Number of protein chains: 2
Amino acid sequence: MSLELTPVEAAACCSPLARQPLSESEAEGIAPLLKALADPVRLRLMSIVASHEGGEACVCDLNDAFELSQPTISHHLKILHEAGLLDREKRGVWVYYRARAEALQNLAALIGGQAQ
Amino acid sequence: MSLELTPVEAAACCSPLARQPLSESEAEGIAPLLKALADPVRLRLMSIVASHEGGEACVCDLNDAFELSQPTISHHLKILHEAGLLDREKRGVWVYYRARAEALQNLAALIGGQAQ
DNA sequence: TGTAAATATTTACATGTGTCTATGTCTTGC
DNA sequence: GCAAGACATAGACACATGTAAATATTTACA
């Protein structure tokens with residue numbers, strides 16, 4: 001296990017934005033998580049996976065939802081996975097991605113949490 | 001008033017990520033808002049402004065909080081303002097930025113909202 | 001073993017982004 | 001009116017990012 005925090009772990013550690021100024025290192029930890037979400041394709045990927053029955057979806061389904069090449073979808077899924085927003089599980093030939101609900105909720109709390 | 005929605009307005013219009021898949025146009029509306037936040041300097045700017053007394057801060061204060069040039073801070077503030085996350089008001093020689101709390105809360109609801 | 005299918009990796013490239021320097025625009029007070 | 005200060009804009013540059021084509025890897029199954 002690495003000493004580096006994943007972006008998701010970094011986001012879980014801070015009080016809400018509006019409560020007190022983020023430190024430089026806190027901000028540098030959280031920004032990559034927002035960056036991972038800040039793309040229309042990745043937003044839709046997250047949304048498709050998170051709203052899919054069972055909270056998971058196969059890459060084959062995801063490829064079909066976009067008019068983009070398979071490597072491009074694979075690239076975006078990797079970014080979401082490395083940010084800690086998607087879990088990855090291989091079952092046979094297929095790979096299933098699962099949304100990490102608590103990761104999204106931590107991020108939401110950081111952004112929208114009340115000042116006190 | 002323009003027919004274009006600001007990113008903040010686009011975010012207010014959608015059910016949570018995990019409830020149903022975002023449409024392409026919804027995702028394209030929301031991504032710029034996340035992009036605006038997805039930078040360490042802008043995250044700290046938002047946080048400093050939002051947590052400042054009165055919910056607003058003068059650019060002069062913000063410049064002092066970073067070891068960056070004044071135009072760079074001005075550039076980041078413009079991005080946050082155009083995304084709809086900061087309101088801008090000029091009073092005399094000084095410019096004050098104010099955090100739009102409901103914008104942050106709408107975004108948080110979109111990201112972290114429960115599936116049902 | 002070997003072939004096909006599902007997914008990932010590599011490489012390349014056009015475009016976007018963060019930063020600075022230089023300059024412009026307002027506002028205030030002399 | 002003019003000089004000084006606060007902030008914004010313009011231009012330039014290094015670097016990051018989204019995409020696709022080509023290729024590799026892994027798994028199942030005949």
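When reading the values below, keep in mind they use all heavy atoms of this one structure, side chains included, and skip hydrogens, waters and symmetry mates. The structure presented is a predicted model; accordingly, all values stated were derived computationally and were not measured.
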* Asked: Which part of the nucleic acid, if any, lies within reach of Tyr96(A) when heavy atoms closer than 4.0 Å are counted: base, sugar-phosphate only, or nothing?
  -> nothing
* To do: Give the rounded distance in Å between these two atoms: CH2 of Trp94(A) and C1' of dA28(D).
  => 8 Å
* Structure fact -> Here the distance between atom P of dT19(C) and atom CD1 of Ile79(B), to the nearest Å, is 9 Å
* Below 4.0 angstrom from OP1 or OP2 of dC7(D), is there any side-chain N or O of Tyr97(B)? -> no
* To do: With a 3.5 angstrom cut-off on both distances, give the Watson-Crick or G-U wobble partner of dT19(C), or none if there isn't one.
  => dA12(D)
* **Phosphate contact (dG18(D) OP1 or OP2) by Thr72(A) side-chain N/O below 4.0 Å** => no
* Asked: Rounded to whole angstroms, how far apart are CD on Glu89(B) and P on dA8(D)?
  -> 13 Å
* Separation of His81(A) atom NE2 from dT7(C) atom C1', in whole Å? -> 13 Å
* To do: Measure the distance from CG on Leu68(B) to C1' on dC7(D) and round it to the nearest whole Å.
  => 16 Å
* **Closest listed nucleotide, where the reference is the side chain of Lys90(A) and the choices are dG18(D), dA6(D), dT26(D)** => dT26(D)
* To do: Considering just the side-chain nitrogens and oxygens of Lys78(B), establish if one lies under 4.0 Å of OP1 or OP2 belonging to dT9(D).
  => yes
* Does Arg88(A) have a side-chain nitrogen or oxygen under 4.0 Å from the phosphate oxygens OP1 or OP2 of dA8(C)? -> yes
* Asked: Just how far, in rounded Å, is C1' of dT17(D) from CZ of Arg42(A)?
  -> 8 Å
* **salt_bridge(Arg44(A), Glu28(B)) N-O dist < 4.0 Å** => no
* To do: Assign each of Lys35(A) and Ser74(A) to its nearest nucleotide of DNA chain C by heavy atoms, then name whichever residue's nucleotide is nearer the 5' end.
  => Ser74(A)
* Rounded to the nearest 0.5 Å, how far does CD1 of Ile30(A) lie from CG of Leu37(B)? -> 10.5 Å
* **Closest nucleotide among dT9(C), dG18(C), dC7(D) to the Pro71(A) side chain** => dT9(C)
* **Within 45° cone and under 6.0 Å: Arg88(B) NZ/CZ vs Tyr96(B) ring** => no
* Find the distance Leu86(B):CG to dC7(D):C1' and express it as a whole number of Å. => 15 Å
* Asked: Mapping Ser69(A) and Asp61(B) onto DNA chain D by nearest heavy atom, which one lands closer to the 5' end?
  -> Asp61(B)
* Under 4.0 angstrom, heavy atoms only, what part of the nucleic acid is Phe66(A) near: base, sugar-phosphate, or nothing? -> nothing
* Donor-acceptor pair present, Gln70(A) side chain and dA8(C) base, under 3.5 Å -> yes
* Over all heavy atoms of both residues, which pair between Val49(B) and Tyr97(B) is shortest? Give the atoms and the distance, please. => CG1-O, 3.3 Å
* **Single-linkage hydrophobic cluster, 4.5 Å side-chain cutoff, Leu68(A) and Leu80(A) together** => yes
* Structure fact -> Rounded to whole Å, NE2 of His75(A) lies from P of dT19(D) at a distance of 7 Å
